[in-house]
Amino acid sequence: MQALIFDVDGTLADTETAHLQAFNAAFAEAGLDWFWDEALYSGLLKVAGGKERLLHYWRTVECEEAAGPRAREAVDALHALKTRHYIERMRERGVPLRPGIARLIDEANEAGLRVAIATTTTPANLDALLRAHFGATWRHRFAAIGDAATTPTKKPAPDVYRHVLDQLGLQPAACLAFEDSRNGLLAARAARVPVVVTPSTFTAHEDFDGALAVLPHLGDPHAPIVPMVHGEWHRWVDLATLRRWHEEATRRPDSAARGALNADQANASASWR
Ligand code: XBP
Ligand code: MG
């Protein structure tokens, strides 16, 4: 295992509530009577990419207009409003990194592994989120970045993972991906990259068959994993555990397809502390 590849929204940080608030703020500013509640947004998240999501929704509510010649222009303008609101929220309040993320990035950097990002989000959003946690030089922590600017074709297409693998100059089997959604899982697996899934509040109901492991989050000593299933242990995932899972998956590729290790199975195979 030579590189860790992280998805952003829902994986590095639980950002989708901030995205949802930014979408609704953009609708209000544009004078639209649209409002997305969490239940609706959870379904809309099956469409990766904010612009694609907006066009998809518009087609469901005003099909005629959404097919018009200026629809793309209108979506781009509305999405620009949304991105401004999102960045403002990030600057005002920020969103914490999920448990284990900062620790594993540090562990990986110290162990000489490369760390990359494969996201469908807009580059400006990435900067707003990560600047708050890693400072203005945050890009130095990542050996490769794939985002909505580098890769227009969104997940579940594998394009963003293939872009990152190309930038890293690594084979899929030398990497391990982290995702929160089925779209992300499908994208990484289509690129043949083994995947650990940590569902977010909006994706916990999705099907993660094919994941190497599905865990509530990656844990930290101060924020241990409390398994989704009743168990007596409280743990966190370290690099040694990830190496073990990765070795298992790449030695027996079918194991990655066998289905997700649940917390107990992961416990049995991992070097939990
Ligand atoms: C999740 C997405 C993004 C965000 C909104 O990205 O699908 O579209 O929901 O951001 P990730 P944009 O691949 O990191 O999970 O409006 O900039 O698309
Ligand atoms: Mg995500």
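For the single chain, residues carry numbers from 1 onward in sequence order. Remember, it's 1-based here, ligands and their atoms both numbered in the order they're listed.
The shortest contact between atom 10 (O) of ligand 1 and any protein heavy atom is with Thr121 OG1, 3.0 Å. The closest protein non-hydrogen atom to atom 14 (O) of ligand 1 is Thr119 OG1, 2.6 Å. Looking only at protein heavy atoms, the nearest one to atom 18 (O) of ligand 1 is Gly50 N, 2.6 Å. Nearest protein neighbour of atom 7 (O) of ligand 1, counting heavy atoms only, is Arg53 NH2, 2.9 Å.
Taking 2.8 Å as the threshold, Glu16 does not count as a candidate ligand of the Mg ion (ligand 2), since none of its N, O or S atoms lies below it.
Per-residue contacts place Asp7 under 4.0 angstrom from the following atoms of ligand 1 (heavy atoms of the residue considered): 11 (P), 13 (O), 14 (O), 15 (O). Set against the non-hydrogen atoms of Asn125, the atoms of ligand 1 under 4.0 Å away are 10 (O), 12 (P), 17 (O).
Of the listed residues (Thr122, Asp9, Val8), the one carrying the non-hydrogen atom nearest atom 4 (C) of ligand 1 is Asp9. Closest heavy-atom approach to atom 8 (O) of ligand 1 among the candidates Gly184, Ala148, Gly49: Gly49.
Residue Phe27 shares its hydrophobic cluster (ILVMFWY side chains chained together at separations under 4.5 Å) with Leu20, Phe23, Leu32, Trp34, Trp36, Leu40, Tyr41, Leu44, Leu45, Leu54, Leu55, Tyr57, Trp58, Val61, Val75, Leu78, Leu81, Phe202.
Within the 4.0 Å heavy-atom criterion, neither part of Phe6 lies near ligand 1.
Rounded to the nearest 10 degrees, the angle OD2 (Asp7) to the Mg ion (ligand 2) to OD1 (Asp180) equals 80°.
Leu12 is listed as a side-chain neighbour of Leu130, based on a closest heavy-atom distance under 4.5 Å.
The side chain to side chain contact (heavy atoms under 4.5 Å, CB included) test applied to Asp166 returns no partner, not counting sequence neighbours.
Remark: side-chain polar atoms of Glu206 are paired, donor with acceptor, to backbone N or O of Arg182 under 3.5 angstrom.
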